[in-house]
Each structure stands twice: as C-alpha cells, then as structure tokens.
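Data first, discussion second: the structure below is written as structure tokens.
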Amino acid sequence: MNRNSVHRSFVIVDIEKFGRRADTDQRWLRRQMYEILRNAMSDTGIDWETCHRQDAGDSVILLVPAETSKMLVTDTFVGRLDRELAGYARRSNESVRLRMRLALHAGEVTQDEHGWVGSDLNTACRLVDLQQARDALSDTPDANLVLVVSHLWYSSVVLQDPVLVEHFGFEQIPFVAKEIDSHAWLHIKGKEHPAAERPTAPPAASMPASGASAPTGGIHFHGPVHKVGDPVQGDKTQVTFVRSDD
C-alpha cells in the first residue's frame, strides 16, 4: 500500500452496446448517463461534487468518499439508479435505449497528474466488464440494470444485512479476468434462479421397518389407543382405526 493512498468506494457504470450506436446517439446517451447518475446520487443523499470521476467514453468511474456509507450505496443508490433508468426507458425508443452494468467494490487508490490508480481500482474495472454481467443483461430484456459486487463488498456489506441478502438474491459467479481468479456476486431484476433441489423420498425414519407391513386406513395410531368420547365427527364409514404395535 502506498503511504499516500486513500480509501474509496468504487461505483462504475458501463452503457450496454454503446459502440453499436451512431455518434449522435452516443453523445445523447453520455449526457443521459451523467444526468441519471447525478439524480440518483442526489436522491440518495450523496454529494455529487465530492465524488471524483474518471470518464471512459461509454462508462464512468465514481470514487465515492470513504465516509459515505457503503450500505447506503448498496441499498438506496442502486434502487434510485434503477428507478431513474426505468423512467428514462418509458420516454425513449430502442435506438437510444439506455441499460447499464454497475459494479461495486472498494479499496485503496492514489492520485497522480492524470487521475487515480491502484490494483483495487483495476479489480473494479474488471468487475464491470465481466461477460456474465453482459450475458445477464442481454438475456433479461425487461431489465435496465445489472449489478455486480466483489466478494469483498458482498461479505463486508451485503451479508451484514439479512434484508439486503433476501432483497437482492445475489447469484455467485466466477470472477476470472487477467490477474484475478476469484468469484463475484450478480443481481438482475427479473432473472430466474434455479429452483432449490427437493428430496425425492421421505426420510428413512418415516418409512416402515424392513419386513413390516405398512398400516392401512385413514387414521393411524402407534402404541395403545385409549378412546375417550367420540373423536370423529360426521360420516365414519370411510374411517378405519388401526392399532400398530411397532
């Protein structure tokens, strides 16, 4: 770690299929990207002017001050950004459709005369460019935003709030890119997750013992039966009382 390094949260967005658009549409989309980000930050209560920015054409890197709550970024900012994108989608046509990949990570960076640098920032940039995030957005046409967070962010922020875990329902994905061999966590609204496996047979304890016949009838009692009064109401023609001495 450089002695002049500072801690920052990295918020990186990238516009889907930006390079396929005409130059005039690209300029329009860049303006909308910045306006949407500013509005989402403002609605979250984060001062836009305190966030250092690095422009990359179809994406922007925001370095959020260390004192800004990461929980606020994860919960409120992500929700506001998704809402801003949904509002834009209702007013736009397909040629200027604006959908984003969003990556969240945190770590140490230093500043030089050209901008910010650091291996943690490199990790965040690799994160937003993951093919799994591109595929998830492509496979979910009604979504406007796919969120990918690093394992560090997931374990130190998301896992600390069970409500966030349940709300996002993150999917663990491989994170293999250049010098990185790890895993990350992905969320996209509307994406179906594989159903959990269900047992195909009841537990062994509930099955009859080997060689024993299974009881028949509608109600089964195990052990002595002491009848007090009439426990069965209505038509009793379909009810059989069976005593099983197992």
Side-chain angles (χ1 to χ4, degrees), residues 8-20 33 36-37 40 54 56-64 69-86 89 97-109 118-198:
R8 291 289 184 269
S9 293
F10 310 127
V11 176
I12 306 182
V13 297
D14 191 292
I15 300 174
E16 181 194 43
K17 299 177 181 177
F18 183 81
R20 302 182 188 181
M33 173 179 68
I36 284 171
L37 284 171
Q54 287 193 179
D58 61 349
S59 66
V60 60
I61 302 169
L62 300 176
L63 284 79
V64 181
S69 165
K70 293 179 176 62
M71 193 72 74
L72 185 70
V73 173
T74 311
D75 188 5
T76 310
F77 170 72
V78 172
R80 296 295 191 273
L81 179 59
D82 193 37
R83 188 177 68 181
E84 287 286 329
L85 288 169
R97 180 83 188 273
L98 180 55
R99 306 204 303 164
M100 292 182 178
R101 301 189 306 278
L102 167 65
L104 299 179
H105 185 45
E108 303 299 311
V109 285
S119 58
D120 293 328
L121 181 55
N122 294 343
T123 297
C125 293
R126 308 273 189 264
L127 198 61
V128 79
D129 204 37
L130 279 176
Q131 187 62 46
Q132 294 96 320
R134 295 174 181 272
D135 293 342
L137 199 55
S138 177
D139 294 342
T140 316
D142 292 336
N144 297 299
L145 181 70
V146 59
L147 169 64
V148 189
V149 304
S150 65
H151 181 65
L152 172 67
W153 191 285
Y154 183 81
S155 60
S156 62
V157 181
V158 178
L159 278 184
Q160 306 313 311
D161 186 344
V163 175
L164 275 184
V165 175
E166 183 177 349
H167 170 69
F168 283 109
F170 280 98
E171 172 189 357
Q172 183 175 321
I173 59 173
F175 182 13
V176 180
K178 295 188 177 181
E179 71 283 355
I180 301 168
D181 187 358
S182 181
H183 60 271
W185 299 84
L186 181 147
H187 164 76
I188 185 167
K189 189 182 295 183
K191 178 179 172 61
E192 294 185 2
H193 297 283
E197 291 185 4
R198 292 181 172 82

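- A search for salt bridge (Lys or Arg N to Asp or Glu O under 4.0 Å) contacts involving R80 returns nothing, not counting sequence neighbours.
- Taking the six-membered ring for Trp and thresholds of 30 and 60 degrees, Y154 and W185 have nearly parallel ring planes, at less than 30 degrees apart.
- Taking each heavy atom of H105 and S150 in turn, the nearest pair found is ND1-OG, 2.7 Å.
- Atom CD1 of I188 and atom CG of D139 lie 8.5 Å apart (nearest 0.5 Å).
- Judged as a side chain to side chain contact (heavy atoms under 4.5 Å, CB included), and not counting sequence neighbours, the contacts of T74 are L104, W153, V157, V158, L164, F168.
- Considering every non-hydrogen atom in both L130 and A184, the closest pair reads CD1-CB, 4.4 Å.
- In this structure, the side chains of L186 and V146 come closer than 4.5 Å at one or more pairs of heavy atoms.
- Look at K189 and D142 and you find no salt bridge, because none of the NZ, NE, NH1 or NH2 atoms lies under 4.0 Å from a carboxylate O.
- In this structure, the separation between CG on L152 and NZ on K70 is 8.5 Å, given to the nearest 0.5 Å.
- The OG atom of S138 lies 11.0 Å from the CZ atom of R134; values are rounded to the nearest 0.5 Å.
- Note that NE2 of H187 is 13.0 Å distant from CD1 of I173, once rounded to the nearest 0.5 Å.
- The backbone N or O of P174 sits less than 3.5 Å from a side-chain atom of Q132, completing a donor-acceptor pair.
- Nearest heavy-atom pair, D120 versus E108, reported as atom, atom and distance to 0.1 Å: OD2-N, 2.8 Å.
- The heavy-atom pair separating A89 from R97 by the smallest distance is CB-NE, 4.4 Å.
- Judged by distance alone, with hydrogens and angles left aside, the side-chain atoms of R126 form no donor-acceptor pair with the main-chain N or O of K178 at under 3.5 Å.
- Across every non-hydrogen atom of C125 and I12, the tightest pair is N-CD1, 3.7 Å.
- In this structure, the separation between CZ on F10 and CG on L121 is 5.0 Å, given to the nearest 0.5 Å.
- Crowding of E179 atom CD: a count of heavy atoms from other residues, nucleotides or ligands under 6.0 Å exceeding 12.
- Looking at Q160, its side chain does come within 3.5 Å of a backbone N or O of S155 through a donor-acceptor pair.
- The only member of N144, L102, L147 that meets side chain to side chain contact (heavy atoms under 4.5 Å, CB included) when paired with D82 is N144.
- With rounding to the nearest 0.5 Å, the separation of CG in L85 from CG in L98 is 5.5 Å.
- In terms of heavy atoms, L145 sits closest to L81 at CD1-CD2, 4.0 Å.
- With hydrogens and angles ignored, the 3.5 Å screen pairs no side-chain donor or acceptor of R101 with any backbone N or O of D14.
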